[in-house]
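A short worksheet on the structure shown next.
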Amino acid sequence: MVEPVTVRSESLEGKRPNWRVATAHWYGITMLGLIAILAAGCAASTPTPPAADKPSAAVLLNTLVEAYFERQLEQFPTLATYIGDERYNDRLEASASPAFWQQVAATERDYLAQARALDVTQLAPAARVTYDIFVGERELALEQLAFREYLMPVDQMGSMATTLAVFGSGAGPQPFRTVADYDKFLTRAGAFPRWVDEAIVAMRTGLAAGITVPQPAIEKVLPQLQQLATTDLEQSVFWRPISSLPADVAPADRERLNREYRRLILDQLSPAYQRLAGFIATEYAPRARTTVGWSELPNGQAWYRLRIRAATTTRLSADEIHAIGVGEVARIRASMQDVQRQVRVDGDLESFFRFLETDPQFYFTDSNQLLAGYRATKTQIDALLPKLFADFPKADYEVRLVEPFRAASAAGAFYQPPSADGKRPGVFYVNGYNLKAQPKFGMETLSLHEAAPGHHFQIAIQQELTDLPRFRRFNNYVAYAEGWALYCESIGKELGVFTDPYQYYGRLSDEMLRAMRLVVDTGLHAKGWTRERAIQYMLDNSSMAESDVIAEVERYIVTPGQALGYKIGQLRISAMRARAEAALGTRFDIKAFHSQILRDGAVPLDVLDAKIDRWLAAQR
């Protein structure tokens, strides 16, 4: 989802989405069958079987969470495609419909009730962790659904409108290997006009309820939609799979697919995108709210507190996070001044920022040079990783340029995970649209974060943990995932990069971005900051270009709380390491510590803290 830029900007769109809700059956276990299992022995007319014949609590839990995940794939078929499960490649979720989210809420309540009916006293510690995570997620999902965020189905950071384009490009998660694959996407994309109509109804309901995307953000959606609405087939992202039909497609199928994709684009998709763009331009944007703080929405203060809790997995308040951010900004500024002295650039820190922003030596002049530079950085870092890591994902990753259709509004870089079966590699996307937003001094830190050992290690390894329930293998917590990626930036010198002081400045610049987020996000949504004040704060404390700062601030405006997880997560993981080093002294093994962080996948920070404490206790 997100797309801001400069030295470092991450994408919510490119990273694993957190489909937080759904229901289930798995391997023939239907809902009715599952309820029957849980109810075994409860009916008065049924004799109670011997205790030895009853499923254990662990078996019931595993059955429950697998059933939930299977239902989740059914309700969110794009999630299934995203992780490499191709059974639902012809379906599109009706995620702009209130009825859809009512079904989702019913699923959450149902599975929460079933989980609470289990006898948790019988669960072993590892199973209890799974239980606690599962119940906590269901409770949080129900709290989130009560705020009707589905009334804002479109913003500049992402929506089904851009997701469908990624899937239909031929370079995304949707496969286009066979004629059947092409036919499945025809069916999936054919459901998009209905999604648009339901999104328009939802947005009209949001206008009446005072729940809208702010004007400055929604206006950024229009260029995206207008490009996707093109009727020039050669320029349409949806025509690309036809331009690269596999050689073994029979002539009759080739002719048919050409005809049907032409009809899909010209008669269904283009009119739908035009209809959505027209509604936003003429009806929605003029009436959207001019305020930017989440606190201005109905019950907005409680809504923002919930978003903080979801993103950070902590109970920190907005005031506490704001204060942490102010302190981190001051610390990082001092480190930047140290680099300035080291490279012998005169003037104050602000003049150093302007030097870094404007001097041509720090920027590429061609996007292919940018791509080659990042591919060389991949080779450099890959060779160093065994120094600090014992666990490596089986799947590799590629470095690619962001596709033109989404480059203008995409982040500076982002990561797309591999499929779980390893057939599709991970992708580290770098954006060549604005080369001034891609300074050379940011390359090492950006690679560490988005690729290896950051998101690629964390997500690919998690997907490969086949002994975990699937809802945990494909789960995401911002504080864990982004905290880990930012932690990976912090160990760059230890790994053997950042030998160039300018590359180390790039690391500080990225850390400054995450520290400023703590201040700006809470400022916007809890302290009444204006968009302009937030922009000026970031300009005053970084070498970011103004266009990139604006994109960042507008990201925080529509995804409040999300950006807080990065720095909060990194600080907690760094604190865990410091605690382990103090407890173990010379026995501390950095590879073993990293394995402990990675080997259970994404978990809330308090769960991770407890795990590290158990690991330390076992070594004493």
Side-chain angles (χ1 to χ4, degrees), residues 10 15-16 18 125-126 129-130 132-133 136 311-314 381-382 384-395 397 415 417 426 445 447-469 472-495 497 507 511 514 565-585 587-620:
E10 313 79 2
K15 293 175 187 173
R16 177 208 315 274
N18 189 6
V129 169
T130 292
D132 290 342
I133 291 174
T312 67
T313 67
T314 72
I381 291 175
D382 283 352
L384 297 170
L385 292 172
K387 179 180 178 181
L388 299 183
F389 292 88
D391 291 20
F392 293 83
K394 297 171 185 172
Y397 73 93
Y415 173 74
T445 192
S447 294
L448 292 172
H449 182 107
E450 294 294 348
H455 287 313
H456 178 61
F457 268 40
Q458 183 262 305
I459 295 174
I461 288 174
Q462 178 175 334
Q463 291 183 167
E464 294 166 6
L465 297 173
T466 55
D467 56 335
L468 286 181
R472 289 184 58 187
R473 287 175 60 202
F474 300 104
N475 206 352
N476 180 37
Y477 289 94
V478 173
Y480 175 92
E482 299 296 352
W484 167 258
L486 186 51
Y487 166 81
C488 288
E489 294 181 40
S490 75
I491 62 173
K493 281 193 172 183
E494 194 176 359
L495 186 65
V497 297
R507 148 71 191 143
E511 189 179 23
R514 279 42 164 276
Y566 296 69
K567 191 64 178 159
I568 297 300
Q570 178 256 313
L571 289 171
R572 288 284 291 272
I573 292 173
S574 296
M576 293 175 207
R577 174 174 171 172
R579 191 164 75 248
E581 288 174 330
L584 299 178
R587 293 184 295 123
F588 176 76
D589 182 343
I590 185 59
K591 293 183 181 181
F593 174 77
H594 289 157
S595 294
Q596 288 299 314
I597 299 294
L598 291 169
R599 284 183 182 173
D600 279 306
V603 295
L605 293 178
D606 58 347
V607 173
L608 187 61
D609 252 324
K611 177 189 174 181
I612 295 301
D613 284 343
R614 290 193 299 272
W615 176 62
L616 293 175
Q619 297 183 72
R620 288 173 184 152

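The analysis underlying the following values was restricted to heavy atoms, covering all of them including side chains, and did not include hydrogens, waters or symmetry mates. Predicted model only: the values in this text are computed from it and were never measured.
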task = Identify the two heavy atoms, one from Pro453 and one from Cys488, that lie closest to each other, and give their separation to 0.1 Å.
result = O-SG, 3.5 Å
inquiry  = Could you work out, with side-chain contact (heavy atoms from CB on, under 4.5 Å) as the rule, every residue matching Ala592, not counting sequence neighbours?
reply    = Asp589, Trp615
query = Who are the side-chain contact (heavy atoms from CB on, under 4.5 Å) partners of Ala485, not counting sequence neighbours?
reply = His449, His455, Glu482
note = To the nearest 0.5 Å, atom OG1 of Thr313 lies from atom CG of Leu608 at 9.0 Å
request  = Decide yes or no for Lys387 and Ile590: does some side-chain heavy atom of the first lie under 4.5 Å from some side-chain heavy atom of the second?
outcome  = no
message = I'd like to know if the side chain of Arg507 reaches the main chain of Lys493, judged simply by a donor and an acceptor atom lying under 3.5 Å from each other, with no hydrogens or angles considered.
response = no
Gap between atom CD of Gln458 and atom NE2 of His594 - 0.5 Å precision = 13.5 Å
remark   = Residues passing the side-chain contact (heavy atoms from CB on, under 4.5 Å) test with Leu495, sequence neighbours excluded, are Ile381, Leu384, Leu385, Leu388, Leu448
inquiry  = Measuring from atom OG of Ser574 to atom CD1 of Ile491, what distance do you get when rounded to the nearest 0.5 angstrom?
reply    = 9.5 Å
ask   = Once you round to the nearest 0.5 Å, how far does CZ of Arg614 lie from CG of Asp609?
value = 10.5 Å
note = Taken to the nearest 0.5 Å, the spacing of Glu581 CD from Leu616 CG works out to 11.0 Å
Listing, residues 596-603 side-chain donor-acceptor contacts under 3.5 Å, not counting sequence neighbours, or none:
unit_1	atom_1	unit_2	atom_2	d
Arg599	NE	Asp391	OD2	2.7
Arg599	NH2	Asp391	OD1	2.9
Asp600	OD2	Lys611	NZ	2.7

task = For the pair Glu464 (side chain) and Lys394 (backbone), establish whether a donor and an acceptor sit closer than 3.5 Å, ignoring hydrogens and angles.
result = yes
Exercise: identify the closest heavy-atom pair between Tyr487 and Arg577 = OH-NH1, 2.9 Å
Check: Tyr397 and Asp382 side chains under 4.5 Å, non-hydrogen atoms = yes
inquiry  = Rounded to the nearest 0.5 Å, what separates atom CD in Gln570 from atom CD1 in Ile573?
reply    = 8.0 Å
Heavy-atom closest contact (Gly565 atom, Val478 atom, distance) = CA-CG1, 3.8 Å
ask   = Does a side-chain heavy-atom distance below 4.5 Å link Met576 with Phe593?
value = yes
query = Any idea which heavy atoms bring Gln462 and Arg472 closest together, and the distance?
reply = NE2-O, 2.7 Å
task = Output all residues satisfying ring-ring contact (aromatic ring centres under 6.0 Å, His included) with Tyr480, sequence neighbours left out; order by chain, then residue number.
result = none
Qualifying residues under side-chain contact (heavy atoms from CB on, under 4.5 Å), relative to Thr314, sequence neighbours excluded = Thr312, Leu316, Ile568, Arg572, Leu605
task = Taking all heavy atoms of Phe588 and all of Ala580, pick out the closest pair and write down the distance.
result = CE1-CB, 3.7 Å
